[in-house]
Amino acid sequence: MKLSALQQSYLGRRSNSFRSSGPLDSSSDGAFKSPAAVFWLVLHGLSCLISLLLGFRFSRLVFLLLSTSSTYTSPFHSPTELAKTLDIRSVIPADPVGNVPLPFPNKTATNSRVVVGRHGIRIRPWPHPNPVEVMKAHRIIERVQTEQRLQFGVKDPRKIIVVTPTYVRTFQSLHLTGVMHSLMLVPYDLVWIVVEAGGVSNETASLIAKSGLRTIHVGFSQRMPNSWDERHKLETKMRLRGLRIVREKILDGIVIFADDSNMHSMELFDEIQNVKWFGAVSVGILANSANIDEMVVEKRGEEENPRMPVQGPACNVSNMLAGWHTFNTLPFAGKSAVYIDDRATVLPRKLEWSGFVLNSRLLWKDGDKPEWMKDIDTLDGDIESPLDLVKDPSVVEPLGSCGRRVLLWWLRVEARADSKFPPRWIIDPPLEITVPSKLTPWPDTPPELPSHEKPVIGIQEPIVKHTTKTRTSRSKRRSKRKHDETRTDRRTTGFDKTLQN
Amino acid sequence: MRKWFWSFLFIAFGFVCSIAAERNPRTERISGSAGDVLEDDPVGRLKVYVYELPSKYNKKILQKDPRCLSHMFAAEIYMHRFLLSSPVRTLNPEEADWFYTPIYATCDLTPTGLPLPFKSPRMVRSAIQLISSSWPYWNRTEGADHFFVVPHDFGACFHYQEEKAIERGILPILQRATLVQTFGQRNHVCLNEGSITIPPYAPPQKMQARQIPLDTPRSIFVYFRGLFYDVNNDPEGGYYARGARAAVWENFKNNPLFDISTEHPTTYYEDMQRAIFCLCPLGWAPWSPRLVEAVVFGCIPVIIADDIVLPFADAIPWEEIGVFVAEEDVPKLDTILTSIPPEVILRKQRLLANPSMKRAMLFPQPALPGDAFHQILNGLARKLPHQKRIYLKPGEKILNWTAGPVGDLKPW
Amino acid sequence: MGSAERTKKKVQLWKKAIVHFSLCFVMGFFTGFAPTGKDSIFSSPAVAPHNKSHISQPPVNQSVTPAVHSSNVNRSLRAETPVPVPVPAKSNELESPKQVDGTVVHEVKLPSRRLVIVVTPTSTKDQFQGVFLRRLANTIRLVPQPLLWIVVEGQSDSNELSEILRKTGIMYRHLVFKENFTDPEAELNHQRNVALKHIEQHKLSGIVHFAGLSNVYDLDFFKELRQIEVFGTWPMALLSANERRVVIEGPVCDSSQVIGWHLRKMNNRTDAETDADTKPPIHISSFAFNSSILWDPERWGRLTSVQGTSQNSLKFVKQIVMEDEGELKGIPPEECSKIMLWRLHFPIGVVPRN
């Protein structure tokens, strides 16, 4: 209590000065004797403040003493649930701390400013989290991640050239957006060559413009045919068109074929940096509604999901290319889709283009490149896979732990060819109201409850009102439903058919 | 009069300053290359004689409860094993610089696996009685050239509750010995001048096996798993962790940047490796295994424990690799952490990535150069040569064998 | 005379001074019981402004002090709940950094955005979850910060999901629950509730959105999401393989005011089982809400909280939306006319047998 001593001496001094400066009435005529009075007022206030502090300190002391020497009766509410598990010392036999005799039984302990005993839980009064600090933290995280990439990531990364065939259709936005987002995340220099069947459209252009990537958008005069076989052929031609652009513009980097319906793991883009000339990666096949259990994948390896069929390079024990995993079409014999409208599984080709990457220098007219590469100008749409680009398939470098890691996936789902969708997905004219806003039907609670929707509504509104309202909506919906029925019909039956496969 | 006033203000100001100065963490690192672990090889610089004790002081105890091998106080066991085959061991006590008494004093676990050091004082006493009667070396210095590994919460105070520990003080007969302990807090009765503070034991193989690739992006800003309130032992809060952990929860549970919870996920080790900051607040004692985990997993330790004495503080640049936050500043933790310049953070991460930093925190089997065993030996070597005055005159007695609680004087 | 008068006056003065001092002392004494951020003002000259706020609330503290032993924590909790902030629902307080801390000077440089909390339930029964999770992660990774992704999963031996998440670099929380479910729909609901409980326990403040694995987003969607004050809803397109019709569902708006719904039953198969008159529900992915309704019901003019009504947070949210549909905002604000979210209807995990 250094302070109290100070205070006392100060008071002593003060009483001395009283005598010397004569009577003082600070409260009544303070304004009159201005300078001295103001000073005394200040002094008074100061000492008030000091006693306030003294009281404060004293109370902390009292608080400590009281809290350590009394038994507790107060309940402990909310944090009880949180503080259950974990800490290794929590299970120390319940010996109430109240039994502890004295907080400072030892001299040495009091020398330390660390006080044994109860402390206040400091809770700041200002609001939080501070949005500015949140942004700062995110910047730090970003910086750390960039540094990690620099330090542990690919050294001297090459440019990535992506070739994507596409065309305007119902599923385009869904598929292409997914691929676009993957490409936007690629931390390397990237060029995206988009070849569009049926010519360059605003629809596609506006979609890919959102990526902010460097894009080369070219049209392909032919329209996308309806037979899957024809499609594959046309897509091959479109990809070759993309490769010719690489050759014309002498783009230097690694060419990958990203179909708009592919899904990518970001590790793929690191992995393909390892390719020297011509590489192959495994592609996971998401076969729609197939009886996957019956499928036999020849070699399972360390795939992400053993049940998912994989196509790609197969290696022998010494990690040399030994052959290819192909998609087993046997279970689908006679059941696969021939036309886009068929309600059957769309099967991949024997080897999908997306499973191959190549050094763009292979495509250049000049420069030293291996002998085994065919000239793309001599090729037409009749090649089955990029494997036909090389004279000797053994030159292929298997990537991704020799094809064991699956880093991209193939999925082909399309709507029917005559499917319509609002242009650019802008709804115009507005949709018809099928349910008035006052009766918003919120998603259900777990369906195991018998009448799952009733309790929610029942609480809200008087029953009478409720029923009338539902009726109106119901009648409205009835008419709508009839209207819909014809259209829905096909859909439902089709659904069942697929399920019976 | 005015002068008085000013002088008063001046004194008050000085008072404030002195408090402020007291709070600045003192650094006591031996100069070494900046940011690196102090390089030192103990071999050839000291000789340790390991007393042959009956197995009831060590091996038998361990046989009774093999769980002792994996709890965070296991350093006492591994240190014994290490010394037995260490090149610093000497079989000739006459040439020894240090004497080591292998007692597993902490290996007395409750069914839930918590050590209760109630019998430890009697056991230590009994062991010392034995060595002092069988060998002449104890009586020569009354233990001043002996070291003991006492990894329990409050070291040689042998109690898990701080008040009780303080009340007991360091076991009287260990007053002159060098203590190797995890407990480290400045100006505390349970920390002797000259003690060596060591990291708690953390399973090295397990941690090694759970390493994830270094390029895994760090996406957690602040990470903590553990108790905020110890409801069982501190129902009211504010006593446990001096209120610091509770303050962390109350101030930052709603901050998405703070991934803090009481739930211990199966991915705990992996999550630490993708965090930038790992909170290491005090618990009942100022240290916790998180210190070791953070260093091993390259997560910048945010040390919230006023006046903590960190393990091997003379060899490890804690100020360079960690962030120190005063307990009273916990409410400002977010401001403190977000205002660290990214360059500083990256530097700390680089230093943490140094394998020698991680090694110094672990007790691997078999031992590796620069690991925690070697750091202990370095610490012992730095205390050499012994000062002449530690050797007692014939017949001189300093220690009081009958001091301390009556319970401790009973035979073991 | 002089001396008597003087002493009297002096005594009076002393009395006055002593009264003042003791008053101050008592005040300080009681202030000491407040759960302060500092244990003394002296030790922290830099943060004095914060301490003042403690001193300025002695009435509260004094009313508490009679129960000296009353839990420190409880009081702190009480003090901590943001009662004194009278928040009109429309206020932009989350976005304004000015009122936060005086020490922040260079706040102009960093744009502060509202937190987006994306909740994604996953299931190991879904054999393609890893693939779709990666696609969704690639999208979420591109969303400007701050964003918190809460991924909920049933307990399993597989660490596939943790590994995928770890590599994304997204700030996520991976919640695991122990309960077993046979009904996938019940599991989904449970998962959503687990996530909401996490938000509630942590009092996370942001806009909550449920993102299923088969969702694909236009990135502008998240910009719009941040504009939501209370509740938001939007149209969504459901695409199914080999279909002709594109199912578009969602609100019908007048500007951003929801005037009705365009919905149709999605689950055809249950048609026969359930009452034909039950309304088709709005898909869970087509609405978002401000998370504070979970943990700060008073702010929303409600007395009950989630614990008060039921353990089903999801139900609670819906209930509140129903009561106050006026707060429902359609996005994008231009007549809700742009689809920014597509859902792929892909019979995942359905392995038909002959």
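Just so we're on the same page: letters track the sequence lines, and every chain starts at 1.
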Please work out which of the three classes, parallel, tilted or perpendicular, describes the rings of C:Phe128 and C:Phe132, given edges at 30° and 60°.
-> perpendicular
Hey, could you give me the CD/NE2 distance between A:Glu133 and A:His138, rounded to the nearest 0.5 Å?
-> 12.5 Å
So which of C:Leu239, C:Val216, C:Ile248, C:Thr168 has the biggest tally of heavy-atom pairs under 4.5 Å with chain A?
-> C:Leu239
Let me see the working for C:Val246 and A:Lys420 under side chain to side chain contact (heavy atoms under 4.5 Å, CB included), right down to the final yes or no.
-> CA-CA 7 Å; C:Val246 172; A:Lys420 293 272 190 298; over 6 Å; no
Under the side chain to side chain contact (heavy atoms under 4.5 Å, CB included) rule, what do C:Ile259 and A:Ile433 come out as? Steps first, then yes or no, please.
-> CA-CA 8 Å; C:Ile259 52 170; A:Ile433 296 175; 4.2 Å; yes
Using a strict cut-off of less than 4.0 Å between a Lys/Arg side-chain nitrogen and an Asp/Glu carboxylate oxygen, indicate whether C:Asp220 and C:Lys338 qualify as a salt bridge.
-> no
Parallel, tilted or perpendicular for C:His190 and C:Phe181, by the 30°/60° rule?
-> tilted
Which atoms of C:Cys253 come close to chain A, meaning under 4.5 Å heavy atom to heavy atom: side chain ones, backbone ones, both, or neither?
-> neither
Part of C:Met340 within contact of chain A (heavy atom distance under 4.5 Å) = neither
Among C:Ser286, C:Ala137, C:Gly169, which residue forms the greatest number of heavy-atom pairs with chain A at distances under 4.5 Å?
-> C:Gly169
Measure distances from A:Glu414 to the heavy atoms of chain C and classify the residue's part below 4.5 Å as side chain, backbone, both or neither.
-> backbone
Of A:Ile426, A:Val179, A:Leu207, A:Leu174, the largest count of non-hydrogen pairs under 4.5 angstrom with chain C goes to A:Leu174
Measure distances from C:Gln145 to the heavy atoms of chain A and classify the residue's part below 4.5 Å as side chain, backbone, both or neither.
-> both
Proximal component of A:Met263, with respect to chain C [non-hydrogen, under 4.5 Å] | side chain
